[in-house]
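Numbers here are sequence positions counted from 1. These numbers come from the heavy atoms of this one structure, side chains and all, not from hydrogens, waters or symmetry mates.
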Amino acid sequence: QGKKASRTILYRQGVFVKDVDLKDRVAKRLFIVDAVDLGARKSYLAAALGISRQTIDNHLEIRKHFGKEGLIQGYNADESKDRRKQRKLHKEDLSNGNKARTVAEIRAKEREKSLSLQESLTLTFSGSSGKIDEIEKEDLPFAEEHDWEKSRYAGTFLYLIPLINQWDWFRLVLGYFGDAYRILMVFVLMSATNIRSIEQLKHVRGREAGVALGIKRLVSKPKLWEWFYDAARMQVSGPLITDYFRHQIRSGLVGLSIWFTDGHLLPYSGKHRVHSAYNTQRRMPVPGRTGMVTCDGSGRIVDFEIQEGKGDLRSRIAALGIKWQGDIPQTPVQVFDREGHGTDFFAGLVNDKIPFVTWEKHVDAKKLEAMEDSQFTTEFELNGKSYGAFEGEKILVDDKNDSDEQKKVTLRRIYLWNKTSNRRTCGLAWTTDESMTTDECARAILCRWGASENTFKHLNDRHPWHYHPGFQVVKSEHQDIANPEIKEKETLIGIIRNGLDKLYRKLSKTKEAVNADGIPRQNSIRERLQQSIAEDETKLLKLNEEKKQLPPRVDVSTLEDYKSFNRIDNEGKYLFDFVTISIWNARKQMIDWLHPHFNAKEELVDLFYAITNCHGWLKSTTTEVTVRLEPLQQPRYRLAQEQLCRKLSSLQARTPNGKRLMVEVGDAPA
């Protein structure tokens, strides 16, 4: 213990991690930062090693700005000539001088930047109308000062720390809404505690919720709706969501290698006539809209859009490939289901250099079953199931290509065999430079469907994903429908064809009648059948020609006894979904932070929700907002709870008025 200690052994939850020689200064520095990452309390670590807290902070800051290489000061005398040569060649790229002083200068600049930001947020924010609105200091989040107050919603406070620290959430929200930001804080409470509607907020304790959210008090329902409409009338959801997604893409908060896109029904049960979306479970169209949601490989939501009616997955995929080109170094691989299958669509993606992986439609099951088992040379496991795969080619011809020559598209064909259920199918892929292996392509198309589709199921279970506050209906710009006259013609054509089939069968069984002299008898049954067949064939030919002349779609305003379509205004839904998605991504981040301190993966998500549902106490001073959560009963759960709270406190998140956000675990304050 202390400065004289020569060796130290690091354990986490009773499991050996590493054994370090403290005489090796580099190994000691690396040990310190690793121990903090694993949840060691800085004060205990400093006392055990005989160093100061400032030294530990310096090591962490040096690693943050210079990487672990920054903790290695200089080289030993017995270094090879090649290492000295490389150091000489790259001398200009290396940081010079005392790194602790450099870090101190960086901290000073960050403090100045933070203070200037706080002043700008406190004084003025531009609204959607272009006017400059002033926010009073006492109206900022957590501006109120109070002693310890109990709140059963204290766990909701944990979501705010990563939102502020990682996503700069308060600056974004206050910059767009000014003092109308409060309704978004109410949406945070709803998303975090699974409150399904504004009407259900009548069961929430107003003061306890207001303290946890930093808005003093939750107001009555009429006032909440007034807050909502004040925010919705600003019509800023579009740029707000775009800025949020751009920030997390540029900051590396979401994955950029592979994106999964899928459509999800947002049902409508009101009295107005709206376009129909498709209900996959009921296998029928129902009134509603389609939410097109894109997430990365870890389930974090990257982008989303609400489309009227059934939606257009193909246009969404093509738009995604182009939308973020200026913000990402390389176009992500787009993964989608069979709804996007189409030769012309695939040809367009290849032409635009958008890589993709998808299922193949209309696969010949008999041919797949006839394949030898030995052909499936690539083997892997996913979600407890064994798979085999191998790769071939599929050439598609684009019939709709405008050029004189039909364009051929060569795609990778991934043959898949689920050995657990003994089922086989195929996928298609185009990955530009063949950077994805057969195994990676196979995993991609398995990662969001069937037993592996969990992101949106959990999202709808844990958060009110389908909730739409404040329905407003306006006349839709899309008033076209399938031409009803075509349906009438098709009905008549079907009736005539059925009648012709009966006449053909009757004619085949009727013998030709002749007179005694061998001349066919006039007005015989066979002759009458032939006349009827000729008449029906003429009618059928005429109906087919009339059907070809009809336009496939018509405007409902040109028809009698048809009501116009209405469109649901999505402004309120976009605002609510923006908060829901923010909470979902923050949840994903906090679970990643919790994971190193809790080894039981199957209990990890439930443990996280147990922590965020804890009751607790809040205290707000001039410099800090402190939340103390009630400890969980089981020791291993409590240990993980404490480590997560220490991690959140170490982020040094601050409110717009400069207060530091702290979280701890303990008993009720005296």
Side-chain angles (χ1 to χ4, degrees), residues 187 190-191 194-200 225 228-229 232 235 237-238 241 261-294 301 303-317 319 336-340 453 455-457 459-461 463-488 490-491 551-581:
F187 288 164
M190 292 174 61
S191 297
N194 201 10
I195 297 174
R196 313 302 286 189
S197 67
I198 289 179
E199 283 71 20
Q200 289 186 11
W225 281 114
F228 169 76
Y229 287 116
Q235 296 290 313
S237 64
I241 293 171
T261 302
D262 199 7
H264 299 272
L265 172 67
L266 301 174
Y268 171 73
S269 57
K271 62 181 180 179
H272 299 281
R273 186 172 187 238
V274 299
H275 285 284
S276 293
Y278 190 76
N279 190 320
T280 307
Q281 284 73 32
R282 298 174 65 187
R283 297 186 178 181
M284 62 181 291
V286 295
R289 297 153 296 157
T290 301
M292 292 291 178
V293 185
T294 302
I301 296 178
D303 201 349
F304 83 103
E305 181 183 45
I306 300 173
Q307 295 185 350
E308 187 178 3
K310 188 175 182 294
D312 188 353
L313 178 65
R314 294 185 180 184
S315 65
R316 180 63 180 163
I317 294 293
F336 48 91
D337 59 13
R338 290 183 178 93
E339 186 183 345
E453 184 182 15
T455 296
F456 301 104
K457 291 177 183 177
L459 182 59
N460 193 34
D461 291 341
H463 305 285
W465 175 251
H466 285 169
Y467 178 57
H468 185 138
F471 271 101
Q472 181 181 355
V473 176
V474 296
K475 188 173 181 180
S476 174
E477 298 175 357
H478 305 289
Q479 297 292 340
D480 60 321
I481 61 171
N483 195 338
E485 292 187 27
I486 292 180
K487 189 174 182 179
E488 293 177 6
E490 289 175 345
T491 303
R553 302 187 72 83
V554 294
D555 194 309
V556 294
S557 60
T558 62
L559 305 174
E560 296 181 0
D561 300 327
Y562 272 87
K563 292 182 180 179
S564 297
F565 284 102
N566 295 293
R567 177 178 61 82
I568 301 168
D569 181 70
N570 291 320
E571 182 67 20
K573 177 63 173 169
Y574 271 127
L575 293 181
F576 185 78
D577 284 356
F578 160 70
V579 176
T580 304
I581 286 170

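Atom CG in Asp337 sits 6.0 Å away from atom CG in Leu313 (nearest 0.5 Å). Atom CD in Glu571 sits 8.0 Å away from atom CZ in Phe228 (nearest 0.5 Å). Between the CE atom in Met292 and the OG atom in Ser315 there is a gap of 7.0 Å [rounded to 0.5 Å]. Between atom CG of residue Asp262 and atom CZ of residue Phe336 there is a gap of 11.5 Å, rounded to the nearest 0.5 Å. Note that OH of Tyr268 and CZ of Arg273 are 12.5 Å apart. Values are rounded to the nearest 0.5 Å. Here the OG1 atom belonging to Thr580 is positioned 10.5 Å from the CG atom belonging to Leu575, to the nearest 0.5 angstrom.
Among all heavy-atom pairs drawn from Gly309 and Ala277, the shortest one is O-CB, 3.4 Å. Taking every heavy atom of both residues into account, Val274 and Pro287 meet most closely at CG2-CB, 3.8 Å. Across all their heavy atoms, Val473 and His272 have their closest contact at CG2-CD2, 3.7 Å. For the residue pair Lys573 and His466, the shortest heavy atom distance occurs at NZ-C, 3.7 Å. Taking every heavy atom of both residues into account, Ile486 and Pro552 meet most closely at CD1-CA, 3.7 Å. What you find for Ser197 and Met190 is that their closest heavy atoms are C-CE, 3.5 Å.
A 4.5 Å side-chain heavy-atom check between Val286 and Ser276 finds every atom pair outside the cut-off. Under the 4.5 Å side-chain criterion, counting only non-hydrogen atoms from C-beta, Lys475 is not in contact with Phe565.
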Report task. Take Lys310 and Glu339, measure what salt bridge (Lys or Arg N to Asp or Glu O under 4.0 Å) needs, and give me the verdict at the end. Result -> CA-CA 11 Å; Lys310 188 175 182 294; Glu339 186 183 345; 3.4 Å; yes
Report task. May I have the step-by-step check of side chain to side chain contact (heavy atoms under 4.5 Å, CB included) for Leu266 and His468, ending in yes or no? Result -> CA-CA 9 Å; Leu266 301 174; His468 185 138; over 6 Å; no
Report task. Under the side chain to side chain contact (heavy atoms under 4.5 Å, CB included) rule, what do His275 and Thr290 come out as? Steps first, then yes or no, please. Result -> CA-CA 10 Å; His275 285 284; Thr290 301; over 6 Å; no
Requested in this report: List the steps, then state whether side chain to side chain contact (heavy atoms under 4.5 Å, CB included) holds for Thr280 with Leu265.
Outcome: CA-CA 8 Å; Thr280 307; Leu265 172 67; over 6 Å; no
Query raised in the report: Could you walk me through whether Val554 and Glu485 pass the side chain to side chain contact (heavy atoms under 4.5 Å, CB included) check?
Result: CA-CA 10 Å; Val554 294; Glu485 292 187 27; over 6 Å; no
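Under a 3.5 Å cut-off, the side chain of Tyr467 and the backbone N or O of Ile198 do form a donor-acceptor pair. Here the side chain of Tyr574 pairs a donor or acceptor atom with the backbone of Ile306 at under 3.5 angstrom.
Counting non-hydrogen atoms of other residues, nucleotides and ligands closer than 6.0 Å to CZ of Arg553 gives a total above 12.
Residues satisfying the side chain to side chain contact (heavy atoms under 4.5 Å, CB included) criterion with Arg338, sequence neighbours excluded, are Trp359, Lys361, Thr425. In terms of the ring-ring contact (aromatic ring centres under 6.0 Å, His included) criterion, residue partners of Phe187 (sequence neighbours excluded) are, by chain and number, Phe576.
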